[in-house]
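Values reported hereafter were calculated over all heavy atoms of this structure, with side chains retained and with hydrogens, waters and symmetry mates removed. Not measured: the values here are computed from a predicted model.
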Amino acid sequence: MTTPSTSQPTPTPASAPVSAPAATGIPGRLGSFGPVGLVLAGGISVQFGGALAVTLMPRAGALGVVTLRLLAAAVVLLVVCRPRLRGHSRTDWGTVIVFGITMGAMNGLFYEAVDRIPLGPAVTLEVLGPLALSVLASRRAINALWAGLALAGVFLLGGGGFGDLDPTGVALALAAGAMWATYIVFSARTGRRFPQADGLALAMAVAALLILPLGIAEAGSRLLDPTTVALGSSVAILSSVLPYTLELLALRRMPAHTFAVLMSLEPAIAATAGFLILDQALTATQSAAIALVVAASIGAVRSQVGRGRRPAGGAQPDSAGGVRTEPVGGVLPEPVAGVQPEGKGSAS
């Protein structure tokens, strides 16, 4: 999961293109792909990075892989962003620490889930967190339809009782979704309190420090194996650094609601990555379930866009694929996706 919105300390109307700061050292030719291509490339990067992470788990374990991913991503972001440590209030630090704790928990839970169930179903279950946040925040009758579609998708995915999926993996994916919804809320709060991507860099460092003892306990000296470190760094680049960069570029040139709709496609991208990289074939029923959840996510985003255009305020699409929620009269910036998953974004 990635979170480019933390670079935006002020909110942007959903109907206007989102302005993101220029990223240091990004080749200008990346922009030639077009904003839609950039978002899709970011989603593919996240989900294929997740698939690569699964192949690394026999070498380092789920928590070991999370540790390598977060450490590498934190180092890159701290070097690139060089966040200022002074001049922040106690509330600022409390917000970024909670954001980091949420990020670490989201990633840890998700990687433990994909160690037990296929990638596509795991991402589909995880995206229910942002989707639930969207539906609850909107309080519109139409969102009962999207909730019903999502529940139908979950029912199909579980075959009426999740008999084909590991129950622990299902529970972990749902817990990761709950952390993703919390992540979206604190991503927005952090974005208001820290300039550029400083808050994201600091939160990533907090998440890495939180997960480090767990990764050492599970993987031990295997974390120092050069091949494992190289593969873990590749996961960090594919799942965090590259999609974050691509999404920053895309958000400069496309409306936020379009971005959120594209991010809603990530369960389908995850299923494709699982099939191509991990040989995780899905049944027709599971494919239909993923399609229902994707449709529900897109519908919820579109409903929020219509509500967000009202002057009374409300919710705006989140660049992690979920929705930026806010009480009436308040303002919050930014996601997924569906998933971005890590930064998922989504954990994926």
Side-chain angles (χ1 to χ4, degrees), residues 1-7 20 23 25-56 65-66 68-77 80 103 106-107 110-111 114 119-120 122-124 126-127 180 183 197 200 204 230-254 258-278 280 294 318-322 334-348:
M1 154 189 321
T2 57
T3 174
S5 67
T6 54
S7 63
I26 296 175
R29 62 180 179 274
L30 284 178
S32 64
F33 290 104
V36 173
L38 291 173
V39 174
L40 292 178
I44 291 170
S45 181
V46 167
Q47 300 309 333
F48 278 80
L52 176 61
V54 174
T55 67
L56 183 56
V65 175
V66 175
L68 291 171
R69 171 185 171 174
L70 293 179
L71 279 174
V75 168
V76 171
L77 287 173
V80 172
M103 184 186 300
M106 176 183 68
N107 280 275
F110 179 78
Y111 275 56
V114 296
L119 183 61
V123 173
T124 303
E126 187 195 25
V127 81
W180 190 359
Y183 166 98
L200 175 63
M204 190 72 75
L231 291 173
S233 299
S234 299
V235 171
I237 292 172
L238 287 172
S239 298
S240 299
V241 178
L242 180 58
Y244 172 71
T245 301
L246 294 173
E247 289 163 9
L248 272 179
L249 288 173
L251 281 166
R252 296 167 63 185
R253 302 166 55 194
M254 75 177 352
T258 303
F259 180 91
V261 168
L262 290 171
M263 294 297 284
S264 298
L265 299 176
E266 288 208 11
I269 298 174
T272 302
F275 175 73
L276 293 177
I277 304 297
L278 305 172
Q280 295 176 342
V294 168
D318 178 274
S319 62
E334 173 194 54
V336 145
V339 242
Q340 164 321 242
E342 217 247 344
K344 196 311 299 323
S346 109
S348 50

Give the minimum heavy-atom separation between [X] and [Y], together with the two atoms involved.
X	Y	result
M106	W180	SD-CA, 3.6 Å
G42	P243	O-CB, 3.6 Å
Y111	A53	CE2-CB, 3.3 Å

Value rounded to 0.5 Å, distance of [atom1] in [X] from [atom2] in [Y]:
X	Y	atom1	atom2	result
L68	L231	CG	CG	9.5 Å
S234	L242	OG	CG	11.5 Å
F48	I269	CZ	CD1	9.0 Å

Quick one: are [X] and [Y] in side-chain contact, heavy atoms under 4.5 Å?
X	Y	value
L200	L77	yes
V76	V80	yes
N107	L70	yes

* Structure fact -> Those residues at least two apart in sequence (or on a different chain) that pass side-chain contact (heavy atoms from CB on, under 4.5 Å) with A51 are L119, A273, I277, L278
* Looking only at atom types and distance, does a side-chain atom of S240 sit under 3.5 Å from a main-chain N or O of I237, one as donor and one as acceptor? -> no
* Asked: Under the 3.5 angstrom rule, does the side chain of S45 hit a backbone N or O of A41 as a donor-acceptor pair?
  -> no
